[in-house]
There are 2 protein chains.
Amino acid sequence: MATLKDVARLAGVSIATASGALNRQPRVKETTRSKVLDAAALLKYRPNGIARDLKTQRTDTIAVFLHDLGGPFYSELMRGIQDMAEKYGYAAIAGRGTGDNNRTWTRLLLEGRVDGAIVMDPEMPDQIIRGSAGDSLPIVVLDRQLTTPHSFIVGTDNVGGACQATNHLLDAGASTVAFVSGPAQTYDSIMRYRGYEKALLDRGVPLDRRFIFQGNFTEQSGVLAAQAMVLQGGLPDAVFAANDEMAIGILSGFRAHGVEVPRDCLLVGFDDIRLAQYVTPSLTTVRQPMYELGTVATEVLFKSLQGERSGEPIILKTELVVRDSSRRVR
Amino acid sequence: MATLKDVARLAGVSIATASGALNRQPRVKETTRSKVLDAAALLKYRPNGIARDLKTQRTDTIAVFLHDLGGPFYSELMRGIQDMAEKYGYAAIAGRGTGDNNRTWTRLLLEGRVDGAIVMDPEMPDQIIRGSAGDSLPIVVLDRQLTTPHSFIVGTDNVGGACQATNHLLDAGASTVAFVSGPAQTYDSIMRYRGYEKALLDRGVPLDRRFIFQGNFTEQSGVLAAQAMVLQGGLPDAVFAANDEMAIGILSGFRAHGVEVPRDCLLVGFDDIRLAQYVTPSLTTVRQPMYELGTVATEVLFKSLQGERSGEPIILKTELVVRDSSRRVR
DNA sequence: CTGTTAGCGCCTTCAC
DNA sequence: GTGAAGGCGCTAACAG
């Protein structure tokens, strides 16, 4: 690979001048500049980013750690992050946070190969995030309550959204509403449960433990929850699932047992993944503004990178999207 | 941030010794080693990865460029890649290939911040890949026919899979089979069309242009294709969609017009995304071994990184997964 | 306007 | 077994 030294030699200038020319410093004369540019083109010169990063002590790159890089849920989030990062002249790269690959995390964050990070992975322990965020390495977390002097919170209104969803089901005439949660310890799931609980309490509807089911955010766990409901007899009037993938699993599980949504049971999910509107019946759900979540998270990160210190959590509004799965048929 | 020099000073040894101790070189005495380790722990020392990369001229990192980071399709692929990369001691990071963000591409590949790459993004121009692959930067492409001295092909048997799908529909009694393609220029879509065409020709079924529809791999385009079919009258007996997301759109579009699958029309997709089995009716599709695709691609990449030069494309077998959407009801 | 110099933080011969 | 010195490729003072 051609190096700056090679270019300088070929152009007959010093290495510093070559550098200046390539970096558009106004001080170099136009004629020498073009000489350098020609030489660079001839040699197919490409600057070595690593050397530059070392010298400048910045990488102009942020990392994004997600739980499941291919999950239907993260597409818009990444678009938001990338678009905003581009605007600031940064690159954004993504990695899976968990799994055996603490290696990726180590390399990027602990060994300083990025300037900051955004994390949305419920399985990532607080401890690791806390231990990584530092003076020159801000981290924005999207799925938990965690502030350190160098980490920041951006999230969506899980409680409000869940509350709205539950109220919607009650308004539709349901008197028993089941809840299918995500993994017990995940922040998002806990908050959604709180919203559910709150809505019931506000309306004076008793909380019935037999209608609380635990899933793990996968379609498969939705199927199992549906089975459990059918088998225990006494189907609820409505089900609120803590995410859309489980809701879709529930749809499928119900159908396998001849239970039809919304005729026999209403159903609401959470997230509004793209497929929600294409399943049958189309799925009522609580939309999270994922693209915006991405852009806002990125902006918070950059503000911190520029020295601003405002630790105020930012909570984005959710929106109930009513579709067929919760429309009472008559 | 504490640096190696700080650790050395605190431990009362030279930089070289500190380095050797931390890198488990056998030459340093056990006692001094632990002295250094203590000092490092005390200072919360973390090696600077960038400096190491510069010195060693390698990053132990590979990049993965995908079209849509959150697409339902890439989850397993990334798992395969990451698992294999970990096994070799490498980190894998992902970026979106296209969009305005040539920045990510530039930074990672052209400026040498990774050792190799895997690309699966139909919108990425051949030219860019060709211009980036180099002696020390092998690239494995998963979605096109492109070999240079430093790029390699791993793919799935699109033609065979499409052929199998089409034959399956013909076997089920369909005499007219429509095809809904992806974007005109994408390799995967073209190959799947070829398989479709081949199956029809082999069976002496005439190819009817009125049954060829162009989509763009999104659910929405599937909906539109379904509408077009209904409106033009003369529904085909069966539809083969070039991917599952379009198939799901078709399902939805048909339903909106009272067309029921599989009663009125059979349907087969391609990919076997996770949701395929949860929609109604469950979707018959051609499974691509995505996890394996990831592991194999990664292995090819590492072989090349270690100097092996075998340009033979590797084509993985697909598998027809028969579900309800193509089961003739009677 | 251009060249010389001094590192960024680390690894690695080479002497001692 | 340990230390001193050089350099990976680049940028940014500081001189000239």
Side-chain angles (χ1 to χ4, degrees), chain A residues 1-37 39-40 43-61 106-115 134 136-137, chain B residues 1-37 39-40 43-61 106-107 110-115 134 136-137:
Chain A
M1 210 43 188
T3 171
L4 192 57
K5 189 154 61 169
D6 304 327
V7 175
R9 184 155 9 104
L10 180 59
V13 299
S14 83
I15 183 171
T17 306
S19 170
L22 291 166
N23 292 326
R24 319 202 120 63
Q25 286 183 7
R27 47 186 249 177
V28 318
K29 215 192 336 184
E30 233 351 283
T31 56
T32 56
R33 206 175 98 79
S34 69
K35 248 192 326 190
V36 172
L37 257 39
L43 294 172
K44 293 192 198 313
Y45 168 75
R46 297 263 79 207
N48 180 320
I50 296 173
R52 174 185 288 157
D53 292 347
L54 180 61
K55 177 62 191 178
T56 61
Q57 300 288 69
R58 56 207 304 263
T59 63
D60 288 339
T61 301
T106 304
R107 279 195 141 59
L108 294 184
L109 297 199
L110 266 26
E111 298 184 353
R113 287 182 179 87
V114 296
D115 295 342
S136 55
L137 187 75
Chain B
M1 209 44 189
T3 170
L4 191 56
K5 189 153 61 167
D6 303 328
V7 175
R9 182 153 12 102
L10 181 58
V13 300
S14 80
I15 290 182
T17 306
S19 170
L22 290 166
N23 293 324
R24 320 203 118 61
Q25 285 183 10
R27 48 182 247 180
V28 317
K29 214 187 343 181
E30 229 357 277
T31 57
T32 56
R33 206 174 99 79
S34 69
K35 244 192 327 190
V36 172
L37 258 39
L43 294 173
K44 292 193 202 311
Y45 167 75
R46 298 263 77 205
N48 180 320
I50 296 175
R52 174 186 288 158
D53 292 348
L54 180 61
K55 177 65 190 176
T56 60
Q57 301 287 70
R58 55 207 304 265
T59 63
D60 289 339
T61 301
T106 304
R107 281 195 139 61
L110 265 26
E111 298 184 352
R113 288 184 180 86
V114 297
D115 294 343
S136 55
L137 187 75

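A note on names: the letters A, B, ... follow the listed sequences, proteins ahead of strands, and every chain is numbered from 1.
- Counting only heavy atoms from C-beta on, T17(A) has its side chain closest to dT2(C) among dG3(D), dT2(C), dC11(C).
- Across the protein-nucleic acid pair, N48(A) atom CG and dG7(D) atom P stand 18 Å apart, rounded to whole Å.
- Mapping S14(B) and A16(A) onto DNA chain D via the closest heavy atom, the residue that lands nearer the 5' end is S14(B).
- Side-chain contact check for L22(B) versus L37(B): some heavy-atom pair is nearer than 4.5 Å.
- Looking at heavy-atom distances under 4.0 Å, L4(B) makes contact with sugar-phosphate atoms alone, never a base.
- Candidate nucleotides dT2(D), dC11(C), dG9(D) were compared by shortest atom distance to the side chain of K29(B), and dT2(D) ranks first.
- Contact of the R46(B) side chain with the T106(A) side chain is registered, since non-hydrogen atoms from C-beta on lie closer than 4.5 Å.
- Note: CZ (R113(A)) to P (dC8(C)) measures 19 Å, nearest angstrom.
- For Y45(A), the side-chain atoms get nearest to dC10(D) when compared with the rest of dC10(D), dT12(C), dG3(D).
- The CZ-C1' distance, from R33(B) to dG1(D), rounds to 14 Å in whole Å.
- Here dC10(C) is the nucleotide among dG3(C), dG3(D), dC10(C) with the atom lying nearest to any side-chain atom of T3(B).
- In this structure, the side chains of V13(A) and V28(A) stay at 4.5 Å or more apart for every pair of heavy atoms.
- Using a 4.0 Å heavy-atom distance criterion, D53(A) is classed as making no nucleic acid contact.
- Going from atom CG of N48(A) over to atom CZ of R113(B) covers 8.0 Å, rounded to the nearest 0.5 Å.
- R27(A) comes within 4.0 angstrom of a base, heavy atoms only.
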